[in-house]
2 protein chains.
Amino acid sequence: MVKAAERAKNPARSSVWLEKRATRSGGGPAGLDRDRIVAAAVRMLDEEGLAKLSMRKLATELGVTAMSLYWYVDTKDDIIEFAMDSVYGEFDLAAVDAARDWRDRMRVLAREYRKMLVRHPWMSPSAGQYLNIGPNAIAVGHKIHETVAETGLPLERRPSATSAVFQFVYGYGTIESRFGRRAAEAGMSQDEFYVDSVNAFRNDPEFTGRAEVLGEILDERTSHGNLSEIWDRDFVYALDVLIAGIEVMVAREAEGA
Amino acid sequence: MVKAAERAKNPARSSVWLEKRATRSGGGPAGLDRDRIVAAAVRMLDEEGLAKLSMRKLATELGVTAMSLYWYVDTKDDIIEFAMDSVYGEFDLAAVDAARDWRDRMRVLAREYRKMLVRHPWMSPSAGQYLNIGPNAIAVGHKIHETVAETGLPLERRPSATSAVFQFVYGYGTIESRFGRRAAEAGMSQDEFYVDSVNAFRNDPEFTGRAEVLGEILDERTSHGNLSEIWDRDFVYALDVLIAGIEVMVAREAEGA
DNA sequence: GAAACTCCTTGTACGGTGTACGAGGCCGGG
DNA sequence: CCCGGCCTCGTACACCGTACAAGGAGTTTC
């Protein structure tokens, strides 16, 4: 049992996954259990967001006091790390294998990644804060590296290509999910919220003469389908840009060699 | 003066920049001032990180009590929003204009963006949480859109291309800066910390048979220069991938039309 | 000179947080 | 019967953001 106080002394090792601990599972009177705790945490995180999750509320949800949770977990952060890995488990890796070639495999991976981020808006901020080396996350990472290897890029170029593609997906999914969350908080549909935001922006005196280019684009978009179609269209196209880029680089490496 | 409690009722409008307030500036005995507060906040954020910044500590740093800050600012979040925009002011937009063509302009923008994220590791998590529509941020966004317009992509494709490039930069800078911060916290150089992490990972029983592909890459990298060179090399190459991708798409749009 | 008014700073207090610590309750085995 | 795990809980601490009201300092007005 590693206390939070001791953990703080060595932040480099600060991941649940780096200290093998027996998972304590619950023949206790409350029927508690690490899996049950994590599942409840995921549910609450999805509904209320990262900021609203507190140990006391999570415990109440489970019909227990806050301190009970600490029998199964060292720290609140641990719960979030477990929750993240459980969400990584939602990746449909079989669909990746079923795809025709590396291009489609990459598209499927990107699609799954994006879906995950949008479904669980707390993932983006959390992913930035933890090491993310749970079994499910590693399985996904493994599949990503396999797929990138198939492109034909030489070993030393693959990390770049991986970054280009999946950092993009991460960023895109982050923006998209944050937008969805804000709309929900404002009690509007995404489309209503979008129109609203654009107007607020346009009426801002600061806008005048400072972002006409952006204005053109805003106009163009409000006239084409609903927002979720736009999200999809932009995402697919950006992915095509990335894939086209990789193809070019593969060809260049081939002729350069 | 908008109280935090009232602000919470309408989260959609929750940005300092969306409510024009006279900036209260300080003939007071403490010589306080919004600029001084924001500058001190940036310094503390750089040194101690987002989590460690508290109103009481920031106030102490300025020789004042916590509540004094609330004369100049409604909320702690406001301070962070101001701090972010002040950091966006570090962008060297003149260097962008000085570049030869859109490719180089894009490279300069990406470089400046990355530099900003690495210099201020608290920016990445914060950028995800606020609207980011201060004057400096808008100026940068404006320049980005101008540059993307020069690629020759049609209007409706530009948001995709913008995402592809700058979400990548955001993700890359985020990872890089987080890595630097972790190394610093562990009291090591980045290179030491990298070797250390790789070893910890490799000795993990979970690793065996699960991430050989990753293992190859790790080997390749530890044998090529120091980490900061690798960061640079990977970044430049990924950017080339993106630029190549955009060129291909521009050509396709041209022949398709 | 006194009073009034504005600008700024402060002390105190409230409701929240994560979690350390120690006291117990339940339970199976000796 | 008692003992030693396993599990849960109550209490307490230090810290957080910030509401509220009191007050000091400086300037303006009579």
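Order of the sequence lines sets the chain letters (A, B, ...), proteins ahead of strands, with each chain counted from 1.
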key: Separation of C:dC8 P from B:Arg36 CZ (nearest whole Å)   = 14 Å
request  = Please identify each residue that fulfils side chain to side chain donor-acceptor pair (under 3.5 Å) with B:Glu112, with sequence neighbours left out.
outcome  = B:Lys115
task = Kindly calculate the angle separating the two end axes of the helix from C:dG1-D:dC30 to C:dG30-D:dC1, each obtained from five base pairs, and round it to 10 degrees.
result = 30°
ask   = Counting N and O atoms only, with roles assigned by atom type, does the side chain of A:Thr75 sit under 3.5 Å from a partner on the main chain of A:Asp77, one being a donor and the other an acceptor?
value = no
query = To the nearest Å, how far apart are B:Asp33 CG and C:dT9 C1'?
reply = 15 Å
message = Are A:Tyr130 and A:Phe82, when compared by the centres of their aromatic rings, separated by less than 6.0 Å?
response = no
message = Ignoring hydrogens and geometry beyond distance, is a side-chain donor-acceptor pair present between B:Gln190 and B:Ser228 at under 3.5 Å?
response = no
message = Does C:dC8 have its OP1 or OP2 closer than 4.0 Å to a side-chain nitrogen or oxygen of B:Trp71?
response = yes
ask   = So, A:Arg114 side chain and A:Tyr172 main chain: donor-acceptor pair closer than 3.5 Å or not?
value = no
query = So, is A:Ser68 close to the D:dC7 phosphate, meaning a side-chain N or O under 4.0 Å from OP1 or OP2?
reply = no
remark   = B:Leu69 atom CG is separated from C:dT9 atom P, nearest whole Å, by 9 Å
ask   = How close or far is atom C1' of D:dC6 from atom CZ of A:Arg34, stated in whole angstroms?
value = 17 Å
Contacts under 3.5 Å, N or O only, protein and nucleotides 20-26 of chain C:
none

Sub-4.0 Å heavy-atom contacts from residues 44-65 of chain B onto DNA chain C, ordered by number = B:Arg56, B:Val64, B:Thr65
message = Just N and O in the side chain of A:Tyr72: are any of them under 4.0 Å from OP1 or OP2 of D:dT8?
response = yes
task = List for me each residue that meets ring-ring contact (aromatic ring centres under 6.0 Å, His included) alongside A:Tyr113, sequence neighbours excluded, and say none if there are none.
result = none
message = Can you give me the closest heavy-atom contact between A:Lys76 and A:Leu53, atom names plus distance?
response = NZ-O, 2.9 Å
request  = Compare side-chain N and O positions of A:Thr75 against OP1 and OP2 of C:dT19 and report whether any pair is under 4.0 Å apart.
outcome  = yes
query = With side chains defined as the heavy atoms from C-beta onward, is the minimum distance between A:Val118 and A:Trp231 less than 4.5 Å?
reply = no
key: Over 12 non-hydrogen atoms of neighbours within 6.0 angstrom of NZ in B:Lys52   = no
query = Do A:Val140 and A:Asn136 come within less than 4.5 Å of each other through their side chains, counting heavy atoms only?
reply = no
note = Taken to the nearest whole Å, NZ/B:Lys76 to C1'/C:dG16 is 14 Å
Could you list the donor-acceptor pairs under 3.5 angstrom formed between side-chain atoms of residues 44-51 of chain A and any protein atom two or more places apart in sequence or on another chain?
residue: A:Asp46; atom: OD1; partner: A:His120; partner atom: ND1; Å: 2.7
residue: A:Asp46; atom: OD1; partner: A:Trp122; partner atom: NE1; Å: 2.7
residue: A:Asp46; atom: OD2; partner: A:His120; partner atom: ND1; Å: 3.0

